[in-house]
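Down below is the structure, laid out as structure tokens.
In what follows, every chain begins at residue 1, and chains take the letters A, B, ... in the order their sequences are listed. Note that the structure is predicted; figures quoted are calculated from it, not measured.
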Amino acid sequence: MAFYEKLMGLDRRWVYLSVGIAVLIPFFIPFDVPVYTTPEVKAVYDFVESLKEGEVLFLAIDYDPNAMAELHPTARVIMRQAFSQNVKLVISALSQNGPGMAEQLISEISKEFGKKSGIDYCYLGYKPYPGITILAMGQDFRIPFPSDYYGVPLDSMPMMRRIKNYDDVKAVIDVTGTNAIDFWLVNANARYKVKLAAAVTGVMAADYYPYLQSGQLFGLLSGLKGASEYEVLANQKGFAFSGMRIQTIAHIVVILFIVIGNIGFFISRTQRKK
Amino acid sequence: MPPLGDLIWTTLAAFLTFCIFSFLYKDNPFYKFAEHLVVGVSAGYFTMLLYFEGFIPKVFVPIFKEGKLYYFIPAILGVLMWTRFSKKWAWISRYPIAIYIGIGTGVAIPLEMQTKVVQQLRASMTAISFNGSAGLNNLLVVLGVFCALVYFFFSKEHKGLFGGVAKFGIWILMIGFGTGFGLTVMGRVSLLIDRVKFLAETWWPMFKAFVGAVL
Amino acid sequence: MRQQLPLTIIFVIGVFMALQYFVPHQSSEFIYEYALDWVIIIGVFAMALGLWSLFLVHFAKIQKKSAGWGYSTIAILGLVYMLIAGALWGIEEGSPFMKIFWYIYTPIQATMFALLAFYIASAAYRAFRVRNILSTILLSAALLLMLRLIPIGPLSGPIQDIDRWILGVPNLAAKRAIIIGVGLGIVATAIKVVLGIERSYLGKD
Amino acid sequence: MSHRIKAFLALLTVALPLTAFSQDTLTLPAPPQEVQAFDTPNDNGHSIAIRWKLSADDGAGANSVTMYEILRAESPEGEFVSRGVVAAGTSTYDDRGDKNTNRPNYFPSGTNFYYKIRAKAGELSSDSEVAGPASAKGQWYHTGKTVVLIFMGIFMIFVLIFIRQAQKGKELYVRPIGGIAAVDEAIGRATEMGRPILYVMGLGAPNDIASIASYTILSRIAKKTAEYQTPILVPCNDPIMMSIAQETVRTAYLDAGRPDAYKEENIYFVTSMQFAYVAAVNGIMLREKTATNFYLGKFFAESLILAETGSIAGSIQISGTDEVAQIPFFVAATDYTLIGEELYAASAYLGREPLLLGTLKAQDWAKGLIMVLLIGGALAATLHWDFFVKLFSVKV
């Protein structure tokens, strides 16, 4: 069988083997794959990077455990970046069974950076009716959240003394798999002019690009890909990066086989024409 | 030393994972074992699910607990299906089947007409213009839907202008299929990543610890 | 008579359920929910036919000791175990029934699903050849979408924008046309069934 | 400074802004105006719709209103109970409840209720006048769905016209579809090789219309396998589909005049769960070495597994589904694919009975009408004839 016919008619099992290797190897040999960072992710990274010590960022962890695989890496990398610059965080969890999961992430990372609740961050927790909660926080965080997730009144927190509503936060970053982002857009960004960025699941991302173009969102992260770009920017290569690295290699393998198949096909067609 | 119970069950799960993966090489006794095992287990699982979450709440409770005797009627129809056990009386099962199909088709006519035809048509009615990207995109979408629908015409030969428009329609469809294919690769690869993660990060450390402890 | 009565039943029920869709009144809602219960209940009882057929197929193999009868015994054992375990110890979390579900059914189901990662690669290798216009379009659209995940430096920006456009325009048009076509096909087929034009599924004697 | 003094100072600094804070909201927010309560149209008789004009201090004025609370009572002076809360900027609310009496939020149909709206700004609030009486009533026709009824009516007229035309023996041209033309050749190949044919009806529900279309195609293919004396294997995913498939094939063999060749054991139940069923069908393909595989009906993620395994086994594969997400995989991995609507046209193509071809013609006319409406609608939207576009929106 001529060489080119082999290319065209490779046994499937070579394809399977290559895919298997492409997915297995990265588990054992860590190596880097360049990640192209899109401007909408860089905008969020640069903004958080520009925050000085003591400035306040509002991080909304509005997703349930079922969207954790795609969104937890984003919440984690943004929180670590903010804490590493001693930026203070106000954190909400406006989705029904998300508060416990968010609390675990906060305690894990606050322990890592030695950050204290009430001084370096304030975890507000969950209240039903996200629309009303987001709107009321525009007046005063204390209206929907007189006390934080742990039951400590906001007024007794040194950090919250100077923080009344969105005017006292530099920006809101909403990490969500639900329509909470629509409430942030209407009830916070439109009504109180607070700077807003979003990190949504891959499936939702396509619907929110128009808000990026219109300027209502100053940044947008889409699913695991957005998280991996952010991890590369913040050089905290974690879960998202390792996941995407395998995806990249697997896609390269698939494309390689398409190319090989077509090369064989071209040669065989030119041969047949002779 | 991992708890023995967990180790055995996790190792069984890993073994079955390898059995299914072995099918990639070729059909072999390990795959046949896993296949027949899952056929039996899944049939049993579904049956008990139907019993506890189908029969009890929908037949037993309404009739015996809530006294809704009119729930006897569907139950009798269900029993009539059992006439298929005998060759002679199998024709009686035609009645429950007829009712079963009748309900399904009746519900489908208005529902599918609304969700698949009217609402998709309404969604395509957007302002079109020749300048400005939004307007232009809407125009291209409307033309794309138009040409693709022309391709689906059955009773008109695809010749001449009609044929040309239909050809453009199948091109649009092919772009849609290529997009569908390209988008799904990432999802399928992540399924494989999860399985390899289970083997490499859940099972293997546990297994290695056990082997280490034993040796 | 054996043929005519079922057809009239289908016509009456079909027309009634179609019109019921337009009646929001509480009694119409009640009938709709009741009819759906009928469908579920008939399905529950019919499962006995399924189990019987499954049992016959595998038991025949075991009896005749035909090829693969050992595997059939495993299938029967799996089935019988789940039936007994479910009946005796219930199907809540932590029961032996669910133990089998989590450690036998779920790994096999997840691994079968994961086979798709291999098959999507081999299907792409086999199918995406520049044979004719159609396969070239299919191939290029798929490639453009797959390139989103490949770091090709400066090219990645334009690729992202092209993909967004492809998703928003041609892909949207194709999906809408197919869905409208399918909608018409479904309504036509349903009408044929209700009018009794399509009746082969009822059988004859 | 001793601990106590520091704490006292901390308290003082905290208290100051608070007092200042409560100073500027002493003035009460303006109450909502023109509250109306009426029976919600097109409902099952257990909800009342409430509309009102926003308070003057909502979005304007002191802009202090954050939410509205809807209060209900049995009589104008009666005791008002909160029925729900909406964010500022909203001026409508549907007070809805359950239809059966034993449920906690039972909403009686036909009883009179009185409503008032409370505009809230932090702890301060002011109430509107009382509106009512209003009572919930169930409607017998959903006016919002009229456009669907019209579409159904037009479609029915097309069907009746073209069926009568077909019955009058009018010849009807139908464009060739690759997958359907290949059916005879595919069955012939199986006969030559002496290998069985595999027919998979998909993983949809037995009364899914895609499954029903699959039964009609199975009936015509079974007639051919009866004539060609080729065994046909039909592994089923649902007991009712199994029963229907057995009836369909038995009748096909009867029509082909070979009732004795019908083997009921070839049409059997495998299991109901998706991937266990697929694992078994993979085994059938490779062990029975089926020469031709048909995948016709509703398919989900397993479509590519079946198609790839079939091509490994070297079978000719004809597929067809209305699941838009799975068509790309059938197009890539099987020899012929019936795309969406073509699945529903297959039985007319294979049977060639006038009534079926007539319905096909009706489908084309309906498609023509939709294409005209499509262009018309786009123009109407461009020229802002919103009344035309609104005709096609369904208010559920």
[X] versus chain D, heavy atoms under 4.5 Å apart: side chain, backbone, both or neither?
| X | result |
| --- | --- |
| C/K204 | both |
| C/S200 | both |
| C/S27 | side chain |
| C/L79 | neither |
| C/V182 | both |
| C/E198 | side chain |
| C/V57 | side chain |

Which answer fits [X], side chain, backbone, both or neither, if we ask what part of it has an atom under 4.5 Å from a heavy atom of chain C?
| X | value |
| --- | --- |
| D/T143 | neither |
| D/L149 | both |
| D/I327 | side chain |
| D/D208 | neither |
| D/T146 | neither |
| D/L254 | side chain |
| D/I305 | both |
| D/D238 | neither |
| D/L374 | neither |
| D/S109 | neither |
| D/V270 | backbone |
| D/F151 | neither |
| D/S272 | side chain |
| D/D255 | side chain |

Item to check | Contact leader toward chain D among C/L49, C/V23, C/I186, where contacts are heavy-atom pairs under 4.5 Å | outcome: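 Heavy-atom pair counts peak at C/I186.
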Item to check | Closest-packed option against chain D by number of heavy-atom pairs under 4.5 Å, given C/F113, C/F118, C/Y105 | outcome: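 Of C/F113, C/F118, C/Y105, C/F113 has the most heavy-atom pairs under 4.5 Å with chain D.
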Item to check | Geometric class of the D/Y141/C/F22 ring pair [parallel <30°, tilted 30-60°, perpendicular >60°] | outcome: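 Because their plane-to-plane angle is under 30°, the rings of C/F22 and D/Y141 count as parallel.
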Next on the checklist: Check the orientation of C/F59 and C/F55. Use parallel for under 30°, tilted for 30 to 60°, and perpendicular for over 60°.
Outcome noted: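 Rings of C/F59 and C/F55: parallel, as their planes differ by under 30°.
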Modelled atom types, side-chain donor and acceptor of [X] and [Y], under 3.5 Å:
| X | Y | answer |
| --- | --- | --- |
| C/H25 | D/Q139 | no |
| D/T334 | D/T337 | yes |
| D/S219 | D/T248 | no |

Next on the checklist: Could you walk me through whether D/F155 and C/I191 satisfy the side chain to side chain contact (heavy atoms under 4.5 Å, CB included) test, starting with their C-alpha distance in whole Å, then the side-chain angles of each, then the deciding distance to 0.1 Å, before giving a yes or no?
Outcome noted: CA-CA 10 Å; D/F155 194 84; C/I191 288 176; 3.5 Å; yes
Next on the checklist: For D/K145, is there any backbone N or O sitting under 3.5 Å from a side-chain donor or acceptor partner on C/Y21?
Outcome noted: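 The answer is no, because no donor-acceptor pair under 3.5 Å joins these two groups.
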Next on the checklist: Looking at D/K99 and C/E29, is any side-chain nitrogen of the basic one under 4.0 Å from a carboxylate oxygen of the acidic one?
Outcome noted: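 Salt bridge: yes.
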Next on the checklist: Run the side chain to side chain donor-acceptor pair (under 3.5 Å) test on D/D322 and D/Y344 for me, step by step, so that the C-alpha distance in whole Å, both residues' side-chain angles and the decisive distance to 0.1 Å come before the verdict.
Outcome noted: CA-CA 9 Å; D/D322 64 351; D/Y344 294 106; 2.7 Å; yes
